[in-house]
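In listed order, ligands and their atoms are each counted from 1.
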Amino acid sequence: MRYLTVDPERPDAEIVRRAGELLRRGGLVAFPTETVYGLGANALDAHAVARLFAAKGRPTYDPLIVHVLNAGVARAVARDWPDAAERLARAFWPGPLTLVVPKRRMIPDIVTAGLDTVGLRVPSHPVARAILEAATVPIAAPSANRFSELSPTRAEHVERALGDRVDLIVDGGPTTVGIESTVVDVSGDRPVILRPGTIPSPELAAAIGALDIASSGGRDDSTQPRRAPGMLDRHYAPRARLEVFSGGSRAASLIAAHAARGSTVGALVLAPLDDSAARTVQMPNDPAAYARALYHALHTLDAAGCDVILVEAPPEGAAWAGVRDRLSRAAQPADA
Ligand code: AMP
Ligand code: MG
């Protein structure tokens, strides 16, 4: 059986044991975390990690996040554990925060794309935690999708994208956070947010004082050298072309213009919109609920055969930074 369903709160012990054993022996197991579904491999096994990159079609210059059971294990794989790491870990772990710290040699170079640092996260999802405990090793787990495509928030998204490239898919229902973790690099002089997520920057700052936000956070500034591999411009993208527009009142005329050109149109809007020329999804006006719903909405519009997805720009403000980041990357043209 390659696809097994568990209770997200109390996963079946036999299935967890099997997932842990597969991972320990070099297999690839997809499982839910609170952010998105991860595709796991034993982070201490360079062969398993090479299989993981191949299954995703992920370039080896894009480093993986290593998942561990608690901050104690994180400290054991880190060569240095800065004060900022300790404060952030205490405030936000277990949870959707990844800390980039200097790595020890036990983490193979392939995991970190040759970097001297490693991204570490302690997930809160009971299924992810049970599998980590059963595996007894740190688990490298990027999102369980093909490289640069939409991340999976349900097991059926994983099945559709990866199918028999994985040894086991553990279905624990829809994920609750819905977008990828906030990534903070604490390996330098000043902590830097490399990727916004659902933890607003003022909350991070409250835990550690000042912090910076990486300027190339997926924006279209390709002339600027990237601070780290993996901060790619086009990412998290549906098959359909995605366009972000501002001003909900423009939705109907934009939909009409695209439909007139013969496109199958989808739209994510923030206010009710009954428009027969498009498949519209009304998104929640709250950043956490929006993040939870986003990828499933995009998966659904993709599956419905949309050529273009028009997305009403979410509000400004720190709480929306993660959602805005994903939308702006998804909107990058494929050849940018
Ligand atoms: P994901 O695709 O969700 O697994 O996220 C992995 C992302 O985390 C990478 O694409 C990087 O942006 C970031 N990341 C992971 N490890 C590192 C690292 N050692 N240094 C900088 N960024 C990292
Ligand atoms: Mg990913």
Side-chain angles (χ1 to χ4, degrees), residues 28 30-41 43 49 52-53 55-68 74 77-80 82 85 95-105 107-121 123 125 128 138-153 157-158 161-162 175 177-188 191-198 212-219 225-238 291 294-295 298-299 322 325-326 329-330:
L28 301 182
F31 58 86
T33 79
E34 67 275 26
T35 58
V36 301
Y37 271 72
L39 180 59
V49 173
L52 195 164
F53 274 101
K56 279 186 58 90
R58 180 170 173 128
T60 49
Y61 57 74
D62 194 6
L64 304 178
I65 292 170
V66 174
H67 293 65
V68 292
V77 301
R79 198 179 64 249
D80 181 29
L97 175 69
T98 296
L99 297 175
V100 173
V101 296
K103 82 170 182 78
R104 278 196 204 282
R105 276 215 296 275
I107 301 291
D109 287 341
I110 185 173
V111 171
T112 63
L115 295 171
D116 194 30
T117 53
V118 60
L120 298 173
R121 183 163 100 79
H125 196 295
I139 300 296
S143 53
N145 53 282
R146 297 281 291 168
F147 178 66
S148 87
E149 294 178 1
L150 276 181
S151 296
T153 53
H157 302 157
V158 180
L162 296 176
T175 65
V177 173
I179 63 172
E180 301 78 0
S181 59
T182 303
V183 180
V184 179
D185 184 351
V186 291
S187 70
V192 187
I193 300 178
L194 297 180
R195 175 173 75 183
T198 54
D212 295 330
I213 300 177
S215 56
S216 65
R219 292 307 176 286
R226 297 209 173 91
R227 201 179 281 261
M231 297 166 70
L232 305 165
D233 291 342
R234 179 180 165 83
H235 216 88
Y236 317 112
L294 176 61
Y295 289 142
L298 294 175
H299 275 289
D325 170 78
R326 300 308 182 276
R329 295 203 217 197

**OP:** Using distance alone, decide if ligand 1 has a nitrogen or oxygen within less than 3.5 Å of any nitrogen or oxygen in Glu180.
**Re:** no
Subject >> Any Asp62 side-chain heavy atom under 4.5 Å of Phe147 side chain >> reply: yes
Original post:
Relative to the heavy atoms of Thr117, which atoms of ligand 1 are at a distance of less than 4.0 Å?
Top reply: 18 (C), 19 (N), 20 (N)
**OP:** Apply the test side chain to side chain donor-acceptor pair (under 3.5 Å) to residues Thr35 and Ser181: give CA-CA distance (whole Å), side-chain angles for both, the deciding distance (0.1 Å), then the verdict.
**Re:** CA-CA 6 Å; Thr35 58; Ser181 59; 5.9 Å; no
Original post:
Around the Mg ion (ligand 2), how many protein N/O/S atoms fall inside 2.8 Å?
Top reply: 1
**OP:** Check each atom of ligand 1 against the heavy atoms of Asp62 and keep those under 4.0 Å away; list them by number with element.
**Re:** 9 (C), 10 (O)
Original post:
So Arg326 and Ser151, side chain to side chain donor-acceptor pair (under 3.5 Å) or not? Walk me through it.
Top reply: CA-CA 10 Å; Arg326 300 308 182 276; Ser151 296; over 6 Å; no
Original post:
If we only count heavy atoms from C-beta on, is the Val36 to His157 side-chain gap below 4.5 Å?
Top reply: no
Original post:
Quick check: does any side chain N or O of Arg146 sit under 3.5 Å from a backbone N or O of Ala55, one acting as donor and the other as acceptor?
Top reply: yes
Original post:
Atoms of ligand 1 less than 4.0 Å from Leu194 heavy atoms?
Top reply: 21 (C), 22 (N)
Original post:
Under 4.5 Å between any side-chain heavy atoms of Leu298 and Tyr236, yes or no?
Top reply: no
**OP:** Report yes if Arg58 has an N/O atom closer than 3.5 Å to an N/O atom of ligand 1; otherwise report no.
**Re:** yes
Original post:
Has ligand 1 got any nitrogen or oxygen that is less than 3.5 angstrom from a nitrogen or oxygen of His235?
Top reply: no
**OP:** Apply the side-chain contact (heavy atoms from CB on, under 4.5 Å) test between Arg195 and each candidate in Asp185, Val183, Val184; give the one that qualifies.
**Re:** Val183
Original post:
Got a salt bridge between Arg121 and Glu34, using NZ or NE/NH1/NH2 to carboxylate O under 4.0 Å?
Top reply: yes
Original post:
Rounded to the nearest 0.5 Å, how far apart are CG of Leu115 and CG of Asp109?
Top reply: 9.0 Å
**OP:** May I ask which of Ser143, Pro63, Gly119 has a heavy atom nearer to atom 23 (C) of ligand 1 than the others do?
**Re:** Pro63
Original post:
With a 4.0 Å heavy-atom cut-off (strictly under), which part of Arg195 contacts ligand 1: side chain, backbone, both or neither?
Top reply: side chain
Original post:
Are Leu64 and ligand 1 in contact, using a heavy-atom cut-off of under 4.0 Å?
Top reply: yes
Original post:
For ligand 1, which atoms sit closer than 4.0 Å to a heavy atom of Pro142?
Top reply: 4 (O)
Original post:
Leu115: heavy atom below 4.0 Å from ligand 1, yes or no?
Top reply: yes
Original post:
Less than 4.5 Å apart, any side-chain heavy atom of Pro152 and any of Ser143?
Top reply: yes
**OP:** Please list, chain by chain and in numerical order, all residues satisfying side-chain hydrogen bond (donor to acceptor under 3.5 Å, both in side chains) with Arg79, sequence neighbours excluded.
**Re:** Asp116
